[in-house]
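The structure appears right after this line, and notes come after that.
Note that this is a predicted model, so its numbers are computed, not measured. A note on names: the letters A, B, ... follow the listed sequences, proteins ahead of strands, and every chain is numbered from 1.
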Number of protein chains: 2
Amino acid sequence: MQPSDVRYPGGDEKGQVTTMRELPHPATEDIRLSAVMHALSDEVRLELVRRLSNDWEGNCTLLSEDIEIHKSTLSHHYRVLRESGVTRTRVDGRDRHIRINREALDERFPGLLDAVLKSLDD
Amino acid sequence: MQPSDVRYPGGDEKGQVTTMRELPHPATEDIRLSAVMHALSDEVRLELVRRLSNDWEGNCTLLSEDIEIHKSTLSHHYRVLRESGVTRTRVDGRDRHIRINREALDERFPGLLDAVLKSLDD
DNA sequence: TTGATGGTTGGGTGACCATCAAACTAAGTG
DNA sequence: CACTTAGTTTGATGGTCACCCAACCATCAA
């Protein structure tokens, strides 16, 4: 149940274990529409996705700036987004870098992500 | 809270009040993305929407054929779909005729419905 | 090593949700 | 009229969810 500790290749050429890795995500074919819909049915998570929409860069704290919600609750939202397949999370030292999982979503549900992001543009 | 009793025109040319009417639905501009997503985050409701996708015609009982769920639960799902703006419900005597609220959805969230229906086609 | 920073985890709480059963309304039928 | 049919409503139940708090873990800096 706890995050796997698998190190992804890259940056360990001298045999050192890097802290750069990805948290576990569902395989593309395992992404379920109902789970994606559920992840996108919460206003806070929708706002996070909106902020991520224009190739945003930064860590979780920056991403959730001005959202007055406890950090543990935000951590929960990040997990829902990640486990549903909506986002991908890369660990970089202390930071988590989150981005929209466009490749998988576009493959699995063509047009859905674009329609959602367009609806969030208002 | 109870269904409005507004009679729609049609079939009352002799002055008789018809039972043909629509249940209350949200105005197009009041349809919220989070509510639509929530309505579509349940497998049973997704199946109902899938069945409605090809201009399906019939009453609720026919629509939910082979779905082994209590009729009161189905009634609940119909309400969630209707109140979120995903479907429109017309009352015809004892029957309810449900259809996808394409006009409103396409106006409010262009491309979203098509992407969802396409994803359900598998 | 001490302290600060970024984030996760576990516990607890109130709200909501999907489900069923039973009672109910309303409309068609014999 | 009584009976059936279509669907809603209400109440109960077990489960999930969003949220906060406190403790914790890991990383980075002095």
#### Entry: B:Ser34 side chain to A:Glu43 side chain, donor-acceptor N/O pair below 3.5 angstrom
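Note: B:Ser34 and A:Glu43 side chains meet the donor-acceptor criterion.
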#### Entry: Within 6.0 Å of CG in A:Asp121, more than 12 heavy atoms from elsewhere
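Result for CG/A:Asp121: enclosed.
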I'd like a table of donor-acceptor pairs (distance under 3.5 Å, sequence neighbours excluded) in which one partner is a side-chain atom from residues 65-73 of chain A, with atom names and distances.
residue : atom : partner : partner atom : Å
A:His70 : ND1  : A:Ser72 : N            : 3.1
A:His70 : ND1  : A:Ser72 : OG           : 2.9

Identify every side-chain donor-acceptor pair in residues 76-86 of chain B under 3.5 Å, counting partners at least two apart or on other chains, and give the distances.
residue : atom : partner : partner atom : Å
B:His77 : ND1  : B:Arg45 : NH1          : 3.0
B:Tyr78 : OH   : B:Cys60 : O            : 3.2
B:Ser84 : OG   : B:Val80 : O            : 3.1
B:Ser84 : OG   : B:Leu81 : O            : 2.9
B:Ser84 : OG   : B:Val86 : N            : 3.4

### Residues in contact with DNA chain C, drawn from residues 61-80 of chain A - heavy-atom cutoff 4.0 Å
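DNA chain C contact set from residues 61-80 of chain A: A:Thr61, A:Lys71, A:Ser72, A:Ser75.
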#### Entry: Strand-adjacent residues in residues 33-43 of chain B, judged by heavy atoms under 4.0 Å from DNA chain C
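The stretch gives B:His38, B:Asp42 as the residues lying under 4.0 Å from the strand, ordered by number.
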Could you state the atom-to-atom distance from [atom1] of [X] to [atom2] of [N] in whole Å?
{"X": "B:Arg96", "N": "C:dT25", "atom1": "CZ", "atom2": "P", "value": "14 Å"}
{"X": "B:His97", "N": "C:dA27", "atom1": "NE2", "atom2": "C1'", "value": "13 Å"}
{"X": "B:Arg90", "N": "D:dG7", "atom1": "CZ", "atom2": "C1'", "value": "15 Å"}
{"X": "B:Leu23", "N": "D:dT8", "atom1": "CG", "atom2": "P", "value": "7 Å"}
{"X": "A:Arg21", "N": "C:dT8", "atom1": "CZ", "atom2": "P", "value": "11 Å"}

## Note on the structure
Output field dot_bracket for DNA chain D (Watson-Crick or G-U, both distances under 3.5 Å, | for other-strand pairs) contains ||||||||||||||||||||||||||||||
### Query
When clusters are formed by joining ILVMFWY residues with side-chain heavy atoms under 4.5 Å apart, either directly or through shared neighbours, do A:Val91 and A:Leu62 land in the same one?
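As far as the 4.5 Å side-chain criterion goes, A:Leu62 and A:Val91 are not connected within one cluster.
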### Message
Whether A:Arg102 and A:Asp114 form a salt bridge (side-chain N of Lys/Arg under 4.0 Å from carboxylate O of Asp/Glu) is what I want to check.
### Response
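So A:Asp114 pairs with A:Arg102 through a salt bridge.
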### Message
Whether A:Arg108 and A:Asp30 form a salt bridge (side-chain N of Lys/Arg under 4.0 Å from carboxylate O of Asp/Glu) is what I want to check.
### Response
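Salt bridge between A:Asp30 and A:Arg108, a charged N being under 4.0 Å from a carboxylate O: no.
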### Message
Tell me every residue that passes side chain to side chain donor-acceptor pair (under 3.5 Å) with A:Arg51, counting only those two or more places apart in sequence or in another chain.
### Response
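In terms of side chain to side chain donor-acceptor pair (under 3.5 Å), with neighbours along the sequence ignored, A:Arg51 is linked to A:Glu47.
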### Query
Has A:Arg94 got a side-chain N or O lying under 4.0 Å from the OP1 or OP2 atom of D:dC25?
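For D:dC25, OP1/OP2 do not have a side-chain N/O of A:Arg94 under 4.0 Å.
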### Task
Kindly indicate whether the side chain of A:Leu117, heavy atoms from C-beta on, has any atom under 4.5 Å from the side chain of A:Leu113.
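Counting from C-beta outward, A:Leu117 and A:Leu113 do come under 4.5 Å.
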### Query
Is B:His25 reaching over with its side chain to a backbone N or O of B:Leu23, donor-acceptor style, under 3.5 angstrom?
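Judged by distance alone, yes, a pair lies under 3.5 Å.
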### Task
Give the minimum heavy-atom separation between B:Gly111 and A:Ala115, together with the two atoms involved.
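Closest pair (atom of B:Gly111, atom of A:Ala115, distance): C-CB, 3.7 Å.
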